[in-house]
Amino acid sequence: MKSILPWWKIGLILGACGAGVWLLLPDDAQLVEDLLRDGKIKEARRQFSRLAPAKNQPNTARVRRLELQLLRREAKTGDASAPGRFWPAAMAAWRESQHDEAVFQEFLPAVGSLKNPAEIWPLVAPHLAGAPAPQVERLVDAFARAALAAGAPATAAEIIAAGRPAATRTAAEALALAQLWISAARPEAALTALGDHQTPEVAACRTGLLRALNRNRELLTLLQARLAAAPASLEAATVAELATVAQQAAAPLEAIPYLRRHLENSPRDLENQRRLRDLLLAAGQTEPAIAPARQAVELGGRRPDDLRALGKILEYNGQAAAAFEVWLELAPRGDLAAVDRLVALNPGLYRDQDLLGALEQIVPVAGRPDYTLRLARLEVVLGRYERAQIHFELYLAAHLDAGDVMVELARLLGEVNRFADAEKWLERAAVLRPADTAIAGERAKLLALQGRYDEALVLYGRLSREAPSLEIVQAYTRLAESLGMDGQLYVDEYNS
């Protein structure tokens, strides 16, 4: 049978039909997209596995986007391996697409869902080089925000530091980065992040960091440079900061000229008068410290702290009499340390009456037995024996075992012819220390003072035999000779 059409026409017709079918069917990439849209993830993966190996795909960026979309959808279906494969694939797609914006937009939103950005950032960081600056900026911001959301400020700071090199940072960016390092408790890194920027905000942050790091020598140099650049800024607050830092840097001499210059114009600046006083003391310049110390006393309304500082400085400079006056002013205010200084200075100044007045005011309220005893002895020196007895007995009421003080009181009572009371105190002392021959010697003296010479002579004789001492033997000899009796024998015996 003869064909109606020649074979070549039939071939053309079949070719045309195939071409029509090909045009009507979706391409492989479109098929994967349709499958993803329909939620057929496994079939999409199967179709994509046929598509991905093709090296001659006309739209590589499109294929890469499909791969990332597929990995994200697989992760949502519980595929445990998908997240680990996503970021390497994303970086490869970004690089191979020559940083195509559409590919970039496929992985950028995924940053916000990261639970641990620190694990992923090392995979991303090497790919920043050569990428467009706007994309790098957005990617760094996204990772930094994710790290902060995960409670990792140190990671956020590391990300920003890597993504924005120091040479490209503005002062505001440097300050923001430093604040991140501070919140991560990394002050050294924060200081480095500030770079060489010199805005007031950066300068204030740098000052605080140097202080926190105890790098006081650097901070002092910084403050001095700031004052040298703007001499008119020598205000009270600036000088105060300089003084504090100089002391902490063990360099007080470097701040003293600034303080003096400031105080020439503002002599009534109380706090800086105190600072100058303290700096001079720290520098070992005690004599020049007297003037600011006196100024501080007057300007501060004669406050106890300022008076104490002045008193000490006057003593350092050997001005004991002037220091005594300062302590005398403090003592009535209940300042026990001032009373101690009055007691210590009095022997060379002979200010017994003034010391007595201070002790009489302080003893009733101080609760210090040593002051009570000191007052009692001072009353004796001034011949006020009855007052002395009161204070001795007040002391002994709280110190029932103070045998020496009992003997001291007995001696005083004997000198004022209060013999019976004196014997009572000696008896109490003897009960405490029965083997103490000194107490027996005091009793012998008391007997002699009462005119009971025979009893005194017997007691002295016994003591000379049982516990001879030069004082006992000499007292025995004098008494014996006064009675016309030869006591020399006992002296010779003792000396031998």
Side-chain angles (χ1 to χ4, degrees), residues 83-84 86-88 90-91 94-95 99 101 104-223 225-226 237-238 241 244-245 248-249:
F86 177 80
W87 285 101
M91 292 299 100
W94 191 35
R95 182 184 66 253
H99 307 103
E101 179 65 21
F104 182 74
Q105 289 297 335
E106 288 295 339
F107 65 80
L108 181 64
V111 177
S113 61
L114 292 173
K115 294 181 179 179
N116 189 355
E119 289 183 354
I120 303 302
W121 176 249
L123 302 176
V124 174
H127 298 276
L128 298 182
Q135 288 186 354
V136 171
E137 185 74 15
R138 283 181 287 162
L139 189 58
V140 166
D141 282 343
F143 265 95
R145 284 195 300 272
L148 287 174
T155 300
E158 288 170 359
I159 290 169
I160 293 174
R164 295 181 191 140
T168 66
R169 286 178 216 144
T170 65
E173 289 172 340
L175 186 60
L177 178 56
Q179 294 294 345
L180 274 179
W181 284 122
I182 291 170
S183 65
R186 298 271 297 276
E188 290 279 5
L191 192 60
T192 302
L194 292 175
D196 297 326
H197 296 289
Q198 297 297 332
T199 64
E201 295 78 12
V202 169
C205 184
R206 184 180 290 113
T207 298
L209 286 168
L210 287 171
R211 185 179 291 112
L213 291 166
N214 202 30
R215 288 163 63 169
N216 295 302
R217 179 66 260 179
E218 294 174 58
L219 180 54
L220 180 59
T221 302
L222 181 68
L223 293 174
R226 191 181 301 169
T238 309
E241 184 179 20
T244 301
V245 173
Q248 293 170 342

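Any value given below was found using the heavy atoms of this structure, including those in side chains, with hydrogens, waters and symmetry copies removed. In this text the structure is predicted, and so the values were computed from the model without any measurement.
- Scanning all heavy atoms of the two residues, the minimum distance from Ala162 to Pro165 falls at O-CD, 4.4 Å.
- A donor-acceptor contact shorter than 3.5 Å links the side chain of His197 to the backbone of Arg169.
- With contacts defined as side-chain heavy-atom distances shorter than 4.5 Å, the pair Leu210/Asn216 does not qualify.
- We find the CD-CG distance between Gln179 and Leu194 to be 8.5 Å, quoted to the nearest 0.5 Å.
- Proximity of Arg211 to Thr244: side-chain heavy atoms (C-beta onward) are nowhere separated by under 4.5 Å.
- The two residues Ala142 and Leu108 have their closest heavy-atom pair at CB-CD1, 4.0 Å.
- Between atom CG of residue Leu114 and atom CH2 of residue Trp87 there is a gap of 5.5 Å, rounded to the nearest 0.5 Å.
- Of all non-hydrogen atoms in Leu180 and Leu148, the two that sit nearest each other are CD2-CD2, 3.5 Å.
- Residue Leu220 holds its CG atom at 10.5 Å from CD of Gln248, rounded to the nearest 0.5 Å.
- Using a 4.0 Å cut-off between a side-chain N of Lys or Arg and a carboxylate O of Asp or Glu, Glu218 and Arg206 do not qualify as a salt bridge.
- Of the inter-residue distances, the one linking Trp94 atom CH2 with Leu139 atom CG reads 5.5 Å to the nearest 0.5 angstrom.
- Looking at heavy atoms from C-beta onward, Leu209 lies in side-chain contact with Ile182 at the 4.5 angstrom threshold.
- Inspection of the Trp121 and Glu158 side chains reveals no N or O donor paired with an N or O acceptor under 3.5 Å.
- Atoms CG and OG1, on Leu223 and Thr207 in that order, are 6.0 Å from each other to the nearest 0.5 Å.
- Nearest heavy-atom pair across Ala157 and Leu177 is O-CD1, 3.5 Å.
- Between Arg164 and Asp141, at least one side-chain N (NZ, or NE/NH1/NH2) sits under 4.0 Å from a carboxylate O, which counts as a salt bridge.
- With hydrogens and angles disregarded, no donor-acceptor distance shorter than 3.5 Å links the side chain of Gln135 to the backbone of Pro132.
- For the atom pair CE (Met91) and CG (Leu128), the distance works out to 8.0 Å, reported to the nearest 0.5 Å.
- Summarising the geometry of Pro153 relative to Ser183, their closest heavy-atom pair is CB-OG, 3.4 Å, with the distance given to 0.1 Å.
- Cys205 approaches Leu175 most closely through the heavy-atom pair CB-CD1, 3.7 Å.
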Could you go step by step and tell me if Asn116 and Thr155 meet the side-chain contact (heavy atoms from CB on, under 4.5 Å) rule?
CA-CA 10 Å; Asn116 189 355; Thr155 300; over 6 Å; no
